[in-house]
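Read the structure below first, then the notes.
Order of appearance sets the numbers: ligands from 1, and atoms from 1 within every ligand. Quick caveat: nothing in here was measured; it's all calculated off a predicted structure.
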Amino acid sequence: MTLRDQRDDQADVYQPAEDSQLLAEAACDRLGNAEERLVLEVGTGSGYVAGRIADETAARVVASDLNPHAVRQARAEGVETVRADLVSPFADEAFDAVAFNPPYLPTDPENEWDDWMERALSGGEDGRAVIDPFLARVGRVLAPDGVVYLLVSSLTGVDEVVERAGDEGFSAVAVADDSFPFETLTVLELVR
Ligand SMILES: C[S@@+](CC[C@H](N)C(=O)[O-])C[C@H]1O[C@@H](n2cnc3c(N)ncnc32)[C@H](O)[C@@H]1O
């Protein structure tokens, strides 16, 4: 890949921010150093969260992203990444843990713009357009005692996400949060 390709990729890829850090820290804290865990990061973007989990825990980490630029950037960072919609290509019960910092900003359909950064940020009108299908599908790829770390924002509606997770058979507990002037970010730990 040329330097120009790398710059083009970065412009189209969500770069690590406060939400990425909060998710990485919570997942690393909770996973600790238990061996032989296989972890999936969905929507890896730059590969930052997956890379931190691989570096700071004993887990083996793989990742997915819909955005081909993100797949290239994460691979360049050493993260084993596949281009995929959510968890679609992965085997049943394959993962001990799944982490996701989803697109979560509620977006007026009239203001949506159709590019990769919008896909990284926009959660549709209610902020949950990607979270809801994720919650419906993630259980299939989780080991029976597997766990999900899902970042949510007060802008998305934490209670609504917890309720939807409950409909999919998960109980949720908040394991980390951080407040900013316009939103509070929370990491939910979901188990069945
Ligand atoms: C808020 S960004 C988070 C990026 C990175 N994980 C981080 O925390 O810095 C959301 C990511 O999800 C990806 N994404 C959006 N919809 C997706 C889908 N249906 N399947 C897989 N990835 C998706 C976007 O391309 C983007 O990289």
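Heavy-atom contacts from other residues, nucleotides or ligands closer than 6.0 Å to CZ of R75 number more than 12.
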Dump all N/O pairs between ligand 1 and the protein below 3.5 Å as a table: atom names plus distance, one pair per row.
from: ligand 1; atom 1: 6 (N); to: E41; atom 2: OE2; distance (Å): 2.7
from: ligand 1; atom 1: 6 (N); to: G43; atom 2: O; distance (Å): 2.7
from: ligand 1; atom 1: 6 (N); to: T44; atom 2: O; distance (Å): 3.4
from: ligand 1; atom 1: 8 (O); to: S20; atom 2: OG; distance (Å): 3.2
from: ligand 1; atom 1: 8 (O); to: N101; atom 2: ND2; distance (Å): 2.8
from: ligand 1; atom 1: 9 (O); to: S20; atom 2: OG; distance (Å): 2.7
from: ligand 1; atom 1: 19 (N); to: D85; atom 2: OD1; distance (Å): 2.7
from: ligand 1; atom 1: 20 (N); to: L86; atom 2: N; distance (Å): 2.8
from: ligand 1; atom 1: 22 (N); to: L66; atom 2: N; distance (Å): 3.3
from: ligand 1; atom 1: 25 (O); to: D65; atom 2: OD1; distance (Å): 2.7
from: ligand 1; atom 1: 27 (O); to: D65; atom 2: OD2; distance (Å): 2.6

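Judged as a side chain to side chain contact (heavy atoms under 4.5 Å, CB included), and not counting sequence neighbours, the contacts of V87 are L40, V42, F90, R137, R140, V141. The ring pair (Phe, Tyr, Trp, His ring centres under 6.0 Å) test applied to Y149 returns no partner, not counting sequence neighbours. Applying the side chain to side chain contact (heavy atoms under 4.5 Å, CB included) criterion to L155, with sequence neighbours excluded, gives L105, P106, S153, E183.
Using modelled atom types, no side-chain atom of R37 and backbone atom of A58 make a donor-acceptor pair closer than 3.5 Å. Here the side chain of T44 pairs no donor or acceptor atom with the backbone of E41 at under 3.5 angstrom.
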